[in-house]
Amino acid sequence: LEFRRVLFRSEPQTVFIIPGSDVKGMKAGLGDSYKFIEHGSFGVYTEDADAADKTTALLKGTGKPIAPLIDSESQTVFDKGDVSVFIHVTRLATVYKDRLTEARERATQALENAPAEVPGTPGINPKAIADVVGQLLTLLMQGLEDTKSCTIAATISKEGLSFEDLVRVVPDSATDKLLRKSPPNSLSTLGSLPAGNLGYLGLHGDMTDLAQFGLKLSATFLGDDDKNAKEFQAVLGEMQKLKIGAVASSFGLGSADEGALRTATVTEVDDPGKLRELSQKLFKAMGTIETGGMKQTYNVKPDAEKVGQNSVDVVNVTMELGDAAGPEGAMVERFLKVLYGPEGGTTRLTYLKDKALQTNGGGKGALEALLSALDKKSESIGAADAYDAARKRLGDKSNLLVLFDLPGFVRKAIELLVDSGAIPIPINLEGLRSLDIKSSFLGLSIATEPQGLRVKTSIPVEQTQGVAKIVMTIMAQLQAGQ
């Protein structure tokens with residue numbers, strides 16, 4: 001068992017506090033390069049004389065221990081772990097203040113000197129990109145300034161590996177106020193999505209700042225003087241007035257023939273009718289966008305289809321590579337065909353009483369499956385044992401929740417690559433499909449709390465076992481020449 005205490009002066013100094021049955025033997029084994037202190041059944045040692053003096057004073061009851069700087073919430077997290085780390089961020093930022101200031105000044109200067117345009121990249125606005133990056137940099141530096149500590153605890157068990165991280169911030173600081181604007185949510189809509197997908201994502205928070213960021217980001221690919229660009233930003237501005245609740249999305253993979261991309265999204269909104277009107281305007285305003293030599297044309301068809309009693313808007317995106325694509329053009333076109341299938345880039349949208357639904361890929365059937373699951377006419381992911389187990393490990397409420405089936409993704413991705421001819425190697429797909437892999441999810445949860453942000457990560461043992469089975473099966477097939 002090893003404990004470390006890291007003290008800071010101008011550079012990190014490491015002190016080891018190790019329990020042992022033979023402390024004198026420990027001292028002899030280390031040699032003369034370490035300053036060694038015997039403290040009961042613990043051996044305390046370091047290579048730094050100043051750190052040794054400070055630690056000796058603490059062991060004698062004098063000096064300033066770090067214990068008062070660790071609040072009860074952080075201590076609870078620290079005590080949970082088989083391996084735990086407490087980082088005194090305030091002290092860290094003070095020690096490296098000059099370096100952080102210098103790095104920020106250099107980054108700011110580089111952003112201010114961003115060129116007005118980059119030759120050969122039509123549709124890209126470097127100044128707008130620099131503005132967005134600058135805002136992110138400011139937010140990051142403010143967060144660092146407001147952060148008091150970060151505690152990380154790792155736990156290993158027969159069920160798998162888990163991490164819990166707790167970031168504590170200064171009360172009533174700008175970051176604390178930002179976090180308080182977004183209380184965590186149960187994300188119950190996530191459990192209503194269709195079962196059988198590879199990944200699920202739930203999101204809830206104050207969308208005002210995100211919408212502002214979207215406005216800025218739109219300027220990176222739309223010119224300021226373009227009529228469509230002004231309409232686009234005006235529509236985004238109107239969208240900010242809508243009250244958005246939780247957002248739930250799923251991700252899956254289809255086939256090489258019918259298109260690989262499969263996504264479904266449900267957005268809780270106070271006025272679906274208004275959102276529909278604005279979404280139609282948004283796609284029309286996007287018109288044709290050219291970035292990096294690729295031209296994308298958006299064509300929205302209101303009321304193009306019906307699913308039950310629900311009217312469906314269909315958005316088609318036509319992509320043209322043009323002459324700038326070069327010799328890689330054929331490969332890119334092949335990739336896009338596998339990604340989107342015969343329909344091309346197609347989005348279907350329909351609107352319920354308090355929700356907006358969107359699917360990409362999978363044709364009309366994907367939207368039918370989404371509506372069926374929401375109406376409880378078909379199996380939803382919330383009824384799956386793997387989903388229930390993941391939610392229990394990650395907590396009842398979150399601002400961001402991500403569930404991902406890694407072995408399922410690896411197996412499906414290999415199938416796609418082989419079927420599309422992208423990997424000309426002899427892999428027996430039936431052998432992969434017949435593998436007995438227990439359903440489970442990697443999980444990530446991020447939740448705000450008073451003066452803090454809590455992150456939980458879960459890696460169940462079934463995930464690593466599943467990947468190992470796939471790798472061993474493929475290796476065995478290749479060795480056997482199958």
Side-chain angles (χ1 to χ4, degrees), residues 87 89-90 92-148 150 165 167 169-170 173-182 201 203-226 228-240 244 247 249 282 285-296 298 317 324 399-400 402 444 446 448 453 455:
I87 303 172
V89 178
T90 302
L92 189 68
T94 301
V95 171
Y96 289 103
K97 181 179 179 180
D98 291 342
R99 296 187 188 181
L100 290 170
T101 300
E102 181 183 357
R104 181 176 186 176
E105 289 174 349
R106 287 182 178 178
T108 301
Q109 187 65 39
L111 293 172
E112 290 176 351
N113 294 333
E117 61 180 27
V118 178
T121 57
I124 300 295
N125 188 335
K127 282 291 185 183
I129 294 175
D131 186 29
V132 171
V133 174
Q135 288 192 10
L136 292 175
L137 178 63
T138 299
L139 186 65
L140 177 64
M141 296 305 294
Q142 182 66 58
L144 180 61
E145 182 180 328
D146 294 340
T147 300
K148 297 195 299 182
C150 177
D165 315 327
V167 177
V169 301
V170 176
S173 63
T175 303
D176 182 33
K177 292 176 182 178
L178 180 65
L179 295 176
R180 286 203 305 247
K181 288 168 63 178
S182 299
L201 181 146
L203 177 67
H204 180 270
D206 181 69
M207 298 295 180
T208 305
D209 295 321
L210 187 62
Q212 286 286 351
F213 180 75
L215 280 170
K216 292 287 185 182
L217 192 62
S218 68
T220 65
F221 58 89
L222 292 171
D224 293 331
D225 298 328
D226 185 80
N228 283 357
K230 292 180 179 180
E231 175 68 14
F232 183 89
Q233 296 204 7
V235 172
L236 285 182
E238 285 295 308
M239 282 184 168
Q240 290 185 59
I244 303 296
V247 179
S249 295
L282 189 70
M286 292 175 73
T288 299
I289 299 172
E290 186 173 355
T291 55
M294 177 181 286
K295 185 184 294 185
Q296 301 180 70
Y298 292 80
V317 184
N399 295 93
L400 175 66
V402 180
L444 171 70
I446 300 177
T448 61
L453 188 71
V455 182

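Remember, predicted model here, so these are calculated numbers, not experimental data.
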Rounded distance [0.5 Å steps], CD1 in Ile244 versus CG in Asp206: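 Rounded to the nearest 0.5 Å, the CD1-CG separation comes out at 11.5 Å.
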Separation between CD of Glu231 and CG of Leu282, rounded to the nearest 0.5 Å: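 Spacing of CD (Glu231) from CG (Leu282) equals 9.0 Å.
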Which atoms form the tightest heavy-atom contact between [X] and [Y], and what is the distance?
X: Leu453; Y: Leu179; answer: CD1-CD2, 4.2 Å
X: Val167; Y: Cys150; answer: CG2-SG, 4.1 Å
X: Ile87; Y: Leu92; answer: CG2-CD2, 4.2 Å

4.5 Å side-chain heavy-atom contact, Glu112 and Gln109: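 Yes, their side chains come closer than 4.5 Å.
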Beyond-backbone contact of Met239 with Leu236, side-chain heavy atoms, under 4.5 angstrom: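 Yes, their side chains come closer than 4.5 Å.
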Ignoring hydrogens and angles, write down the donor-acceptor pairs under 3.5 Å from the side chains of residues 136-146, residues two or more places apart or on other chains.
from   : atom 1 : to     : atom 2 : distance (Å)
Thr138 : OG1    : Gly134 : O      : 3.0
Gln142 : NE2    : Asp146 : OD1    : 3.0
Gln142 : NE2    : Asp146 : OD2    : 2.9
Asp146 : OD2    : Thr175 : N      : 3.0
Asp146 : OD2    : Thr175 : OG1    : 2.7

Arg180: partners by side chain to side chain donor-acceptor pair (under 3.5 Å), with sequence neighbours left out: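 Applying side chain to side chain donor-acceptor pair (under 3.5 Å) to Arg180 gives Asp172, Asp176.
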